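Please read the structure below before turning to the comments.
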Amino acid sequence: MHIEQLNITSLGEFSYFIEDSGEAAIIDPFREVGDYIALAKKHSATIKFIFETHIHSDFVSGHFDLERLTGARIIYGPGAGAWFPFYSASDNETFMIGNVSITAVHTPGHTLESTCYLLTDEHKKPVYLFTGDTLLIGNAGRPELISGIDTPESLSSNLFDSIAKLSNLSGNPIIYPGHGQGSTYGKDMSMKKSSTLDEQKKENPLFSIVSREEFIKTILSTLPQVPVYFPVIARINRDGYQSLDSVKAKALTGLSLDDFQRKIAENIIILDTRKGADFKQGFIPGALFIGLEGRFAQWAGSLLPFHQRMILLVEKGKEEETVTRLAGVGFDNVEGYLTGGFDTWKKSGNAIDMIIDVDPDELAMDIPFDPQLLVIDVRTSAEFGESHVSGSMNMSLAEMTDLAMIAQLEETQNIYVHCSIGYRSVIACSILKKEGYHNIRNVNGTFEDIKGQPGIIIEKETSVLN
């Protein structure tokens, strides 16, 4: 038997390849399915089943392409309600992979159809428990992502029962979750990529809560904000989508400068994914920046409209990575990239824009002497509440799709933008530039660098913290 954990680090996602005696199964496949095909070939195995722990809302699953390429059967737990052919497993139904068995354990709570999969070896010993988003290492999946008659409270109540159900499983299987640290699906998650059931009974505080009411209150407290693209991804995974090959065929088209400019004239989105340092030194006016080096897919899903066409400006050699990562969060509308990248644009003599950097000590010197200076903090409200520059405005990056909020800014203001490490602030500057604000400075360095400057007053926002 062979088990392999695959990981999308930027999204905190885990997927699994299972093989025994020439047969294989995939759990929660990513949209780029090449790794699974390669693993099956490496182990001389036929992919028999594609197990989904639930209908995902944070990444586009690869189940469609895997089924098309391998003929494997797509399996969901009870009540999935997808709009394409799949097999609905019953609670405790068992599937054979070579000489090992995989049993569906219905565990509603994160979603109604959420299901864990218990792998039992040829000696009938429970060895692995693939928990999806039901049980995470140190926590559990958030229960408020679906709407309708099922409220967060009712789903949390279901999750309370599901955690108890897992607690009562026999043996001490190794737990492989659907998410790790860096995911928006839960809070206080461990850096561990696996655990055991006995360890989680001791270390995961949710196992020690005996009151349903206390469990519901705990699980719903201080959840991260739901990214705006989650409902879109859930709908794509429920309804179906075009193959990644067809998406790439259109998106990986090198455009001449003339073709690129013609598309710009059609009010298309220009997405620049180069390194932040390169973008600041020069970019196409009106382009939006989201750098590949950060949480690219997460911010693309949060900030870009899914219904609009898009063209790319990328670092040479990063074209396919960019398109694949965009497709992983549902963007199938890319219409090519500028051949030769920014050098092609610059050498043509076309207008360019840039973002001016200032260091934290310059910010400290400017604050007392510029009555038009406005510091914009694009971190989350929780980060802002913990500690921020006195007099600064909190405009979290996730909220900057609200153009009415941006319109409150005055063109005469001298705007200094910062975040925690400098990634989000450059994205924010590109948004402000696109909306016509040009008196902008990006504050270099980290927020800790800003806090350490003499003369900069730091305060808390207790109303946010409470």
Side-chain angles (χ1 to χ4, degrees), residues 1-8 11 13-91 93-98 100-107 110-111 113-120 128-134 176-179 233-234 236-245 247 324 327-328 330:
M1 178 172 56
H2 177 79
I3 307 289
E4 191 151 337
Q5 183 184 63
L6 294 87
N7 185 7
I8 297 182
L11 290 174
E13 307 282 359
F14 294 136
S15 175
Y16 300 91
F17 173 86
I18 305 165
E19 182 275 331
D20 188 77
S21 302
E23 292 186 336
I26 313 298
I27 295 181
D28 292 339
F30 306 136
R31 191 170 187 181
E32 173 53 77
V33 301
D35 286 344
Y36 308 109
I37 303 295
L39 282 168
K41 184 177 180 180
K42 176 182 176 181
H43 292 277
S44 302
T46 299
I47 298 176
K48 187 177 180 181
F49 297 116
I50 304 160
F51 292 104
E52 293 281 12
T53 56
H54 64 293
I55 295 176
H56 305 283
S57 58
D58 56 336
F59 70 94
V60 177
S61 173
H63 53 328
F64 263 26
D65 279 349
L66 263 181
E67 180 190 45
R68 177 177 60 85
L69 292 170
T70 68
R73 201 170 195 181
I74 299 172
I75 311 291
Y76 277 99
W83 290 88
F84 53 83
F86 68 94
Y87 182 82
S88 181
S90 302
D91 189 27
E93 185 170 356
T94 295
F95 304 84
M96 296 301 299
I97 304 292
V100 304
S101 63
I102 295 178
T103 300
V105 183
H106 186 212
T107 49
H110 172 63
T111 64
E113 77 281 357
S114 286
T115 298
C116 300
Y117 295 98
L118 180 65
L119 188 151
T120 303
Y128 300 103
L129 179 64
F130 301 90
T131 57
D133 299 347
T134 297
Y176 278 131
H179 294 276
I233 300 296
I236 291 170
N237 282 324
R238 183 197 65 201
D239 297 349
Y241 51 83
Q242 59 182 307
S243 73
L244 184 58
D245 287 344
V247 172
T324 301

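Everything quoted here is computed from the prediction, not taken from an experiment.
Here the shortest heavy-atom pairing between I75 and A89 reads CG2-CB, 3.9 Å. Nearest heavy atoms, G79 versus S88: N-OG, 4.1 Å. The shortest non-hydrogen separation linking G330 to V60 is N-CG2, 3.5 Å. Nearest heavy atoms, R73 versus Y87: NH2-CD1, 3.5 Å.
Partners of D245 under the salt bridge (charged side-chain N to carboxylate O under 4.0 Å, His left out) rule, at least two apart in sequence or in another chain, are R68. Considering only residues two or more places apart in sequence or on other chains, F51 meets the ring pair (Phe, Tyr, Trp, His ring centres under 6.0 Å) condition with F49, F95, Y117. With sequence neighbours left out, F59 forms a ring pair (Phe, Tyr, Trp, His ring centres under 6.0 Å) with F30, H56. Residues satisfying the salt bridge (charged side-chain N to carboxylate O under 4.0 Å, His left out) test with D35, not counting sequence neighbours, are none. Residues that satisfy the side-chain hydrogen bond (donor to acceptor under 3.5 Å, both in side chains) test with T107, not counting sequence neighbours, are T134. Shown here are the salt bridge (charged side-chain N to carboxylate O under 4.0 Å, His left out) partners of E32, two or more places apart in sequence or in another chain: K248. Shown here are the side-chain hydrogen bond (donor to acceptor under 3.5 Å, both in side chains) partners of T70, two or more places apart in sequence or in another chain: there are none. Remark: Y176 engages no residue in a side-chain hydrogen bond (donor to acceptor under 3.5 Å, both in side chains) (not counting sequence neighbours). Residues passing the side-chain hydrogen bond (donor to acceptor under 3.5 Å, both in side chains) test with D91 are K165, sequence neighbours excluded. With sequence neighbours left out, the ring pair (Phe, Tyr, Trp, His ring centres under 6.0 Å) criterion links H43 to H2, F17.
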Checklist entry - Can T94 and I102 be said to form a side chain to side chain contact (heavy atoms under 4.5 Å, CB included), step by step? => result CA-CA 6 Å; T94 295; I102 295 178; over 6 Å; no
Next on the checklist: Assess the residue pair T53 and D28 against the criterion (side chain to side chain donor-acceptor pair (under 3.5 Å)); give the C-alpha distance rounded to whole Å, side-chain angles, the decisive distance to 0.1 Å, and a yes or no.
Outcome noted: CA-CA 7 Å; T53 56; D28 292 339; 2.8 Å; yes
Next on the checklist: If you apply the rule side chain to side chain contact (heavy atoms under 4.5 Å, CB included), what do you find for D58 with E13, and how did you get there?
Outcome noted: CA-CA 9 Å; D58 56 336; E13 307 282 359; 2.2 Å; yes
Next on the checklist: Between F86 and E52, is the side chain to side chain contact (heavy atoms under 4.5 Å, CB included) condition met? List the steps.
Outcome noted: CA-CA 10 Å; F86 68 94; E52 293 281 12; over 6 Å; no
Next on the checklist: Working note: I236 + R31, criterion side chain to side chain contact (heavy atoms under 4.5 Å, CB included); need CA distance, chi angles, decisive distance, verdict.
Outcome noted: CA-CA 12 Å; I236 291 170; R31 191 170 187 181; 5.9 Å; no
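In this structure, the side chain of Y16 engages the main chain of P177 through a donor-acceptor pair within 3.5 Å. Between the side chain of N237 and the backbone N or O of S61 there is at least one donor-acceptor pair closer than 3.5 Å.
Rounding to the nearest 0.5 Å gives a distance of 10.0 Å between CD of Q242 and CG of D65. Here CD of E93 is found 12.0 Å from OG of S101. Values are rounded to the nearest 0.5 Å. From H106, atom NE2 reaches atom OG of S114 across 7.0 Å, with rounding to the nearest 0.5 Å.
No side-chain heavy atom of T120 sits less than 4.5 Å from a side-chain heavy atom of V100. A heavy-atom distance below 4.5 Å is found between the side chains of I27 and I18. Using a 4.5 Å heavy-atom threshold, the side chains of I26 and V33 count as separate. Using a 4.5 Å heavy-atom threshold, the side chains of S243 and F64 count as separate. A heavy-atom distance below 4.5 Å is not found between the side chains of T111 and I55. Between P78 and T115, some side-chain heavy-atom pair lies under the 4.5 Å cut-off. A 4.5 Å side-chain heavy-atom check between P29 and I50 finds at least one atom pair inside the cut-off. With a 4.5 Å cut-off on side-chain heavy atoms, F84 and E67 do not count as touching.
Applying the salt bridge (Lys or Arg N to Asp or Glu O under 4.0 Å) test to pairs two or more places apart or on separate chains, those with a residue in residues 40-51 are E23-K48.
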